Chemist: 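Structure in structure tokens, see below.
When a residue number appears, it is its place in the shown sequence, counting from 1. Quick caveat: nothing in here was measured; it's all calculated off a predicted structure.
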Amino acid sequence: MLVDRLRLFPLLRFMWPQIFGFTLWSACVVVLHTLGHYPERFGVEAGLLTELSDWLAWTSVGIPFSAIAALGGALAIFLGFRNNSAYDRWWEGRKIWGALVNDSRSWARQVIAWCGTGRGRAEPPGIELRRELIHRHLAFVHALVHHLRGEPVLLREAVGRFLSSDEAKAVGATPNALTALLIQQGRRVAQARDAEQIEHFRHLAMDEMLTRLSDIQGRCERIKNTPLPRQYDAFPRWFAFIYGTLLPFGLVEPIGWGTVPISVVITWIFLCLEASGRVIENPFTTHPAALPLTSLSLVIERDLRAALAEPVPDAAQPVNGILL
């Protein structure tokens, strides 16, 4: 996620091919229009372009600006609807991860307060149980990050940092490592209940928490695997390019060479609006506009390791103004 202020020049570098293309196109429109209707301005006589303009009855007005304005208004409405839908997905993803942070802290509190306190249990087995349950949860959190970003190799490495080699290998061999982690977590909690390390009613509360974690996983996967309808992705881009192509014809007669900078700026604004919706449509990528999943997962790890009195990793820091 971009945490620094948005600067103009990096944005211009990102979109320079479109800016260059529309600058060249606008200049060509001005030159062709002038040669077709006012060739004397270039010191030449009427030629083929002038005769073609007369034959087509193409007046010097070009395209009436009212028609260009109507197209721009329709495009703005379309872009606004698409960007609102994309932002809703981004904000929903942020709320889901906010719930994961809260539920992770609640899980750690339940594990530390309830596990290993049943009748007849010595303290060391309880400590080991707490560590196992919290480390498996940390494996789930970090695996969710790489699962959403489509990084299977990093997912297996993250799971291997928190689990035994045998369990990590078994989890990595399943079609969905996250589901496997939650299933194993549920089994382990049930075993602890049978061993009287967790009381029955506390076991029910912890099982409910695992259900909430499964719901968080499913909501994230719904956003990741269900893109906006493709027409909402393609049409705004196509229409923005069509608008930028027609705009110089509506400006060339009243402002002449001023058409070049003005049409390029207006077109660039529409292209920026189109791109801003497209980059946040999937909030779980590593794009600078996406959610800082790595940072959020480290927040969870820092809190849970501190609860276990383990060494706490450093917090994530922005790199070049971007927090991943």
Chemist: Hey, what do you get for CZ (Phe249) to CG (Leu246), rounding to the nearest 0.5 Å?
Modeler: 7.0 Å
Chemist: Kindly work out whether a path of hydrophobic side-chain contacts (I/L/V/M/F/W/Y, heavy atoms less than 4.5 Å apart) joins Leu228 to Leu273.
Modeler: no
Chemist: Under the side chain to side chain contact (heavy atoms under 4.5 Å, CB included) criterion, do Leu247 and Phe22 qualify, and how do the steps go?
Modeler: CA-CA 10 Å; Leu247 181 60; Phe22 281 107; over 6 Å; no
Chemist: Short question: side chain of Arg130, backbone of Leu308 - any donor-acceptor pair under 3.5 Å?
Modeler: no
Chemist: Would you call Asp207 and Val189 a side-chain contact if the rule is heavy atoms closer than 4.5 Å?
Modeler: no
Chemist: Is there a path of hydrophobic side-chain contacts, each under 4.5 Å between heavy atoms of I, L, V, M, F, W or Y residues, that connects Val111 with Leu204?
Modeler: no
Chemist: Is the count of non-hydrogen atoms from other residues, nucleotides or ligands lying under 6.0 Å from Asp314 atom CG greater than 12?
Modeler: no
Chemist: Could you grab the distance from atom CG of Leu148 to atom CH2 of Trp97, nearest 0.5 Å is fine?
Modeler: 6.5 Å
Chemist: For residues Arg161 and His142, determine if any side-chain heavy atom of one lies less than 4.5 Å from a side-chain heavy atom of the other.
Modeler: yes
Chemist: Is there a side-chain contact between Gln191 and Arg188 (heavy atoms, below 4.5 Å)?
Modeler: yes
Chemist: Keeping Trp25 on the side-chain end and Thr245 on the backbone end, is there a donor-acceptor pair under 3.5 Å?
Modeler: yes
Chemist: If you apply the rule side chain to side chain contact (heavy atoms under 4.5 Å, CB included), what do you find for Val159 with Glu167, and how did you get there?
Modeler: CA-CA 9 Å; Val159 171; Glu167 184 177 352; over 6 Å; no
Chemist: Roughly how far, to the nearest 0.5 Å, is CD of Glu128 from SG of Cys115?
Modeler: 12.0 Å
Chemist: In the structure I gave you, are the side-chain heavy atoms of Lys169 and Ser165 within less than 4.5 Å of one another anywhere?
Modeler: no
Chemist: Taking only Lys NZ, Arg NE, NH1 and NH2, and the carboxylate oxygens of Asp or Glu, determine whether Arg212 and Glu208 approach each other closer than 4.0 Å.
Modeler: no
Chemist: Mind telling me whether Phe239 and Phe235 have parallel, tilted or perpendicular rings, with 30° and 60° as the class edges?
Modeler: parallel
Chemist: Less than 4.5 Å apart, any side-chain heavy atom of Glu301 and any of Val141?
Modeler: no
Chemist: Would you check if the distance from the ring center of Phe140 to the ring center of Phe162 is below 6.0 Å?
Modeler: no
Chemist: Could you tell me which non-hydrogen atom of His147 sits nearest to which non-hydrogen atom of Lys224, and how far apart they are?
Modeler: O-CE, 3.5 Å
Chemist: Heavy atoms, side chains only, cut-off 4.5 Å: are Gln217 and Leu100 in contact?
Modeler: no
Chemist: Does one side chain, of Arg89 or Thr226, offer a donor that lies under 3.5 Å from an acceptor on the other?
Modeler: no
Chemist: Give the cluster check for Ile266 versus Ile255: same hydrophobic cluster or not, with ILVMFWY residues linked at side-chain heavy-atom distances below 4.5 Å.
Modeler: yes
Chemist: Are the side chain of Asn84 and the backbone of Gly80 linked by a donor-acceptor contact shorter than 3.5 Å?
Modeler: yes
Chemist: Determine whether Glu274 and Arg82 make a side-chain contact, defined as any pair of heavy atoms from C-beta on separated by less than 4.5 Å.
Modeler: yes
Chemist: Would you compute the distance between atom CZ of Phe270 and atom CG of Leu79 and round it to the nearest 0.5 angstrom?
Modeler: 7.0 Å
Chemist: Quick check for you: to the nearest 0.5 Å, what is the distance between Arg202 atom CZ and Arg193 atom CZ?
Modeler: 15.0 Å
Chemist: Just wondering, do Ile134 and Arg305 contact through their side chains at under 4.5 Å, heavy atoms?
Modeler: no
Chemist: Determine whether Leu213 and Leu210 satisfy the following criterion, side chain to side chain contact (heavy atoms under 4.5 Å, CB included), listing intermediate values before the conclusion.
Modeler: CA-CA 5 Å; Leu213 295 174; Leu210 292 177; 4.1 Å; yes
Chemist: Which distance, rounded to the nearest 0.5 Å, do you find between the CD1 of Ile300 and the NE2 of His137?
Modeler: 5.5 Å
Chemist: Hey, does the side chain of Thr174 reach the backbone of Val171 with a donor-acceptor pair shorter than 3.5 angstrom?
Modeler: yes
Chemist: Could you give me the CA-CA distance, side-chain angles and deciding distance for Ile223 and Arg219, then say whether side chain to side chain contact (heavy atoms under 4.5 Å, CB included) is met?
Modeler: CA-CA 7 Å; Ile223 295 176; Arg219 292 165 64 191; 6.0 Å; no
Chemist: Under 4.5 Å between side-chain heavy atoms, hopping through other hydrophobics if needed: is there a path connecting Ile183 to Ile198?
Modeler: no
Chemist: Give a yes or no on whether Arg302 atom CZ has more than 12 heavy-atom contacts from other residues, nucleotides or ligands under 6.0 Å away.
Modeler: yes
Chemist: Are Leu144 and Leu304 co-members of a hydrophobic cluster defined by side-chain heavy atoms under 4.5 Å apart?
Modeler: yes
